[in-house]
Amino acid sequence: KYEYLLKDLIRCGCCGRVYMGRYVLGGDAVYRCTSSLKIRCDNRSINISLIETIIYSLILNSDTLLKTLENPNEMLSQIKKELKQNEQLLKNEEKELTAKQKQLENLITTMTLSANPNFSLYTKLENDILTQIDLIKNKIGLLKKDIFSKTATVQNFNIEATSQHMIVKAQHNRHEL
């Protein structure tokens, strides 16, 4: 079985889709954009031998990465720790959002009950609160994306695919490595 080291890791610079490995007996082995399965984008394929040789050399020369690959459970623990931290940050941001929305409601109530409302002050305060609400919503969106990504990583974590053994095994598929 041919091991594609960079499968699902390379993204197309034109359309953002992942690259897939394509090995043709007697032909070139390349990573190519998955958009070519439906609507072809203009991005070119990448020669597998070239890109994997470069990446493989970088991996072999990286003590930090090799130490991580020696103990994939440590990597999984770190991802789980980051996931838990982000889930707590999300809860905090959601509480902050609720507080800002309540602050906006209180401002509106105060404004409508006021005998002499100061519209310019009200507008400035409202705009400030709305800006803060938008920033919090953006943070929440980013946290949710990161949580989704980390959750998928934890669920799909495969010690074999995240090990030094996988890299050594992949080397045997290619004479150039």
Do [X] and [Y] make a side-chain contact, defined as non-hydrogen atoms from C-beta onward lying under 4.5 Å apart?
{"X": "Leu107", "Y": "Met111", "answer": "no"}
{"X": "Leu142", "Y": "Asp146", "answer": "no"}
{"X": "Lys81", "Y": "Gln85", "answer": "yes"}
{"X": "Asn106", "Y": "Lys102", "answer": "yes"}
{"X": "Cys33", "Y": "Cys15", "answer": "yes"}
{"X": "Ile108", "Y": "Tyr122", "answer": "yes"}

*Would you check, one step at a time, whether the test side-chain contact (heavy atoms from CB on, under 4.5 Å) holds for Tyr31 with Ser45?*
CA-CA 6 Å; Tyr31 285 110; Ser45 298; over 6 Å; no
_Atom of Lys100, atom of Ile136 and distance for their closest heavy-atom approach_ = CG-CD1, 3.8 Å
*What pair of heavy atoms forms the shortest contact from Asn47 to Val30, and how long is it?*
CA-CG1, 4.2 Å
Look at the side-chain heavy atoms of Ile, Leu, Val, Met, Phe, Trp and Tyr, link any pair under 4.5 Å apart, and say whether [X] and [Y] land in one connected group.
{"X": "Leu9", "Y": "Phe148", "answer": "no"}
{"X": "Ile55", "Y": "Tyr19", "answer": "yes"}
{"X": "Leu104", "Y": "Leu121", "answer": "yes"}
{"X": "Ile133", "Y": "Leu125", "answer": "yes"}

*asked:* For Thr110, is there any backbone N or O sitting under 3.5 Å from a side-chain donor or acceptor partner on Ser114?
replied: no
_Under 3.5 Å: donor-acceptor pair, side chain of Thr53, backbone of Ser49_ = yes
Is the closest side-chain donor-acceptor distance between [X] and [Y] under 3.5 Å?
{"X": "Asn118", "Y": "Ser120", "answer": "yes"}
{"X": "Asn92", "Y": "Gln88", "answer": "yes"}
{"X": "Glu82", "Y": "Gln78", "answer": "yes"}

Rounded to the nearest 0.5 Å, how far does [atom2] of [Y] lie from [atom1] of [X]?
{"X": "Gln132", "Y": "Gln103", "atom1": "CD", "atom2": "CD", "answer": "6.5 Å"}
{"X": "Thr98", "Y": "Glu93", "atom1": "OG1", "atom2": "CD", "answer": "11.0 Å"}
{"X": "Ile46", "Y": "Ile10", "atom1": "CD1", "atom2": "CD1", "answer": "4.5 Å"}
{"X": "Ile129", "Y": "Asp134", "atom1": "CD1", "atom2": "CG", "answer": "12.5 Å"}
{"X": "Gln101", "Y": "Leu130", "atom1": "CD", "atom2": "CG", "answer": "10.0 Å"}
{"X": "Ile140", "Y": "Lys145", "atom1": "CD1", "atom2": "NZ", "answer": "13.5 Å"}

